[in-house]
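Worth saying up front: this structure is predicted, and the values here are computed from it rather than measured.
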Amino acid sequence: MLALLAREPGMEWLDLGLTGQEVVFSSRNRRAVCRTEAVVHSGGSRWCEERGAAAAVTAVESAKGKYAHMLFNELFEDYSNALRPVEDTDKVLNVTLQITLSQIKDMDERNQILSAYLWIRQSWYDAYLKWDKDKYDGLDSIRIPSNLVWRPDIVLYNKADDDFSEPVNTNVVLRYDGKITWDAPAITKSSCVVDVSYFPFDSQQCNLTFGSWTYNGNQVDINSLDSGDLSDFVEDVEWEIHGMPAVKNVITYGCCSEPYPDVTFTLILKRKSSFYIFNLLLPCILISFLAPLGFYLPADSGEKVSLGVTVLLALTVFQLMVAEIMPPSENVPLIGKYYIATMTMITASTALTIIIMNLHHCGSEAKPVPQWARVVILDYMSKIFFVYDVGENCTSPKREKEEQRKLEGYDGCQRRHKEVRGYLSNMNDDCDLDEKLNGNLNKSYGVHGENVRETVNCCSCYKMLIKNIEYIANCVRDHKANRAKGIEWKKVAKVMDRFFMWIFFIMVFFMSVLIIGKAA
């Protein structure tokens with residue numbers, strides 16, 4: 001029986017007696033008997049329930065603390081934490097390893113390093129740290145600093161951190177049967193081979209390989225559960241966790257003949273691609289659809305080439321942003337391939353725009369449009385792509401009548417032109433006849449008069465007038481021919497603009513569908 005004295009406010013000294021599992025309170029005017037569970041056995045007193053339970057727990061803990069000190073002194077009197085705790089040196093010590101993933105702190109794709117916050121639990125049996133719990137008042141476990149007991153030198157094999165500090169010296173739980181459980185938090189940086197072929201729709205598998213650094217498989221054997229614990233995982237903003245399976249490997253290295261076991265936890269990660277879709281992929285797709293519109297701009301605006309160059313520079317900026325976060329590997333990410341294909345397409349469209357602008361500005365010095373181009377481009381392709389001359393459209397029912405009226409007017413002009421030329425030619429013939437007659441009269445009869453001179457002057461004026469009119473007519477005819485030639489080349493350029501515009505629209509559409517299909 002353990003006797004204690006307690007002072008209750010407003011009362012005299014109490015005689016506190018601890019008998020087995022009961023606490024006896026006594027005073028001059030009251031007496032109560034309570035068990036440690038604060039259940040009142042006599043008197044039904046609330047005072048006993050509130051005051052007696054607290055004092056009883058304190059008394060029991062004091063008793064167990066006394067036995068814990070006694071047990072600690074007896075266990076570690078002749079104990080050494082430098083040697084493997086087995087009674088037979090040929091016996092293998094089994095260590096159970098369990099990993100709990102708490103948080104992914106960072107995934108550095110460029111340097112291929114995964115930073116994670118882990119809870120590492122190791123448990124093993126120490127043959128020299130056992131006791132009979134009945135001899136120590138039922139004490140079945142104690143918690144002591146981990147540096148007092150032997151610990152397995154299990155390390156992370158693929159560690160990528162410059163800091164090689166020891167694990168955190170947290171307490172271990174020591175049970176009466178010799179089982180030691182050591183829970184220690186750790187922030188690990190491990191190397192991870194990052195495959196960015198399908199970035200930003202990629203999945204990664206990062207390995208965490210744990211094993212003993214000095215003990216071989218004949219001395220320390222490592223075992224684990226089938227997978228890591230993800231019940232306490234804090235959701236990450238960039239990565240989804242799809243599992244953490246564990247696999248045990250037994251490897252024989254070239255330096256040693258003994259096998260060395262290890263446990264590899266494979267962290268399966270899936271990237272959340274929404275951020276990259278809205279900040280990298282979607283702007284690129286929208287900019288890509290701007291490139292074919294350069295063919296729709298009028299050639300006389302002077303902005304066709306400028307639009308293509310501006311779009312090319314914008315895609316170059318996005319390409320540099322992707323290159324900064326990707327590792328310098330041979331695997332080009334999916335979004336990088338899309339950027340390169342789009343930039344190639346825009347470069348080709350800019351080059352074609354320059355060629356088409358040269359066709360548009362062909363003038364009188366250019367050759368006429370070839371016959372095959374008239375048939376293929378001006379006759380067929382212009383109707384397919386709805387390219388018409390000024391004043392005509394695909395739905396006008398009066399177009400043929402207007403063309404017929406133009407042709408009739410042109411024929412009338414030709415007839416009038418021929419009549420004028422015939423009249424002037426007859427006048428010229430008459431002048432030649434008058435000159436001959438006047439000459440004969442002058443020679444035969446010596447007739448001189450004003451009528452003859454007037455007739456000759458009039459004929460000379462007619463000749464000059466005919467020459468000037470013919471010159472003007474030829475100039476107008478050449479000007480119309482050259483103008484018609486330039487109009488034909490402009491129409492050819494316009495048809496080619498429409499053709500390549502639709503071709504590049506289709507290419508951009510299929511490229512966008514292709515990248516989305518690969519991502520799915």
Side-chain angles (χ1 to χ4, degrees), residues 71-72 74-100 116 118-131 141-161 163-186 188-191 207-229 244-267:
L71 175 62
F72 179 81
E74 291 179 1
L75 289 177
F76 291 93
E77 184 177 0
D78 297 325
Y79 181 81
S80 174
N81 61 358
L83 299 176
R84 195 165 53 98
V86 291
E87 296 176 351
D88 186 2
T89 56
D90 295 333
K91 186 177 180 181
V92 179
L93 180 64
N94 294 317
V95 178
T96 302
L97 179 65
Q98 183 179 357
I99 299 297
T100 300
L118 306 176
W119 298 342
I120 303 174
R121 168 171 287 188
Q122 304 175 52
S123 60
W124 65 95
Y125 285 89
D126 195 317
Y128 302 108
L129 297 178
K130 298 179 180 180
W131 71 90
S141 63
I142 58 174
R143 287 161 175 79
I144 57 177
S146 60
N147 57 356
L148 297 179
V149 299
W150 177 89
R151 296 177 301 184
D153 58 344
I154 295 178
V155 295
L156 180 63
Y157 281 177
N158 57 335
K159 188 175 182 180
D161 192 5
D163 186 12
F164 288 94
S165 59
E166 296 182 356
V168 180
N169 289 325
T170 56
N171 290 342
V172 298
V173 180
L174 176 59
R175 289 179 56 85
Y176 68 95
D177 56 355
K179 183 179 180 181
I180 298 177
T181 303
W182 181 26
D183 292 327
T188 61
K189 290 185 178 181
S190 58
S191 59
N207 295 330
L208 298 172
T209 303
F210 294 90
S212 176
W213 191 252
T214 58
Y215 294 107
N216 56 51
N218 298 325
Q219 296 170 332
V220 174
D221 189 19
I222 303 176
N223 299 296
S224 177
L225 301 178
D226 294 335
S227 63
D229 186 9
M244 193 178 180
V247 177
K248 180 181 178 180
N249 305 305
V250 180
I251 302 174
T252 301
Y253 297 98
C255 63
C256 314
S257 60
E258 297 84 2
Y260 283 84
D262 63 63
V263 176
T264 300
F265 294 88
T266 303
L267 191 60

Closest approach of [X] and [Y], non-hydrogen atoms and distance?
| X | Y | value |
| --- | --- | --- |
| Lys130 | Asp177 | CE-O, 3.4 Å |
| Thr214 | Gln219 | O-OE1, 4.3 Å |
| Val155 | Trp213 | CG2-CE3, 3.7 Å |
| Trp131 | Leu174 | CH2-O, 3.5 Å |
| Ser146 | Val172 | CB-CG1, 3.5 Å |
| Tyr253 | Tyr260 | CE1-CB, 3.7 Å |

Compare all side-chain heavy atoms of [X] with those of [Y] and state whether any distance is below 4.5 angstrom.
| X | Y | answer |
| --- | --- | --- |
| Ser224 | Gln98 | no |
| Thr188 | Asp161 | no |
| Tyr157 | Asp262 | yes |
| Phe76 | Ile144 | yes |
| Ile180 | Ser123 | no |
| Asp183 | Ile120 | no |
| Ile222 | Pro152 | no |
| Tyr176 | Leu129 | no |

Can you tell me if [X] and [Y] form a side-chain donor-acceptor pair at under 3.5 Å?
| X | Y | value |
| --- | --- | --- |
| Asp153 | Ser212 | yes |
| Thr264 | Asn249 | yes |
| Thr266 | Asn207 | yes |

For this session: Assess Arg151 against Trp182: is NZ or CZ under 6.0 Å from the centre of the six-membered ring, and within 45 degrees of the ring's axis?
Result: yes
How long is the span from the [atom1] atom in [X] to the [atom2] atom in [Y], to the nearest 0.5 Å?
| X | Y | atom1 | atom2 | value |
| --- | --- | --- | --- | --- |
| Arg175 | Tyr125 | CZ | OH | 8.0 Å |
| Leu225 | Thr96 | CG | OG1 | 8.0 Å |
| Ile142 | Asn171 | CD1 | CG | 10.5 Å |
| Thr100 | Trp119 | OG1 | CH2 | 7.0 Å |
| Asn216 | Ser257 | CG | OG | 8.5 Å |
| Thr89 | Arg84 | OG1 | CZ | 7.0 Å |

For this session: Test side chain to side chain contact (heavy atoms under 4.5 Å, CB included) on Ile154 and Val95 and set out the steps.
Result: CA-CA 10 Å; Ile154 295 178; Val95 178; 3.8 Å; yes
Problem set entry | Neighbour count >12 (heavy atoms, 6.0 Å) for atom CG, Asp88 | yes
Exercise. Short question: side chain of Tyr128, backbone of Val86 - any donor-acceptor pair under 3.5 Å?
Worked result: yes
Exercise. Does any N or O in the side chain of Asn81 come within less than 3.5 Å of the main-chain N or O of Asn147, such that one atom is a donor and the other an acceptor?
Worked result: yes
Problem set entry | Salt bridge Asp221-Lys91, side-chain N to carboxylate O under 4.0 Å | no
Exercise. Can you list the steps and then say if Phe265 with Leu118 is a side chain to side chain contact (heavy atoms under 4.5 Å, CB included)?
Worked result: CA-CA 12 Å; Phe265 294 88; Leu118 306 176; over 6 Å; no
For this session: Please test Met244 against Ile99 for side chain to side chain contact (heavy atoms under 4.5 Å, CB included), starting from the C-alpha separation and ending with a verdict.
Result: CA-CA 9 Å; Met244 193 178 180; Ile99 299 297; 3.7 Å; yes
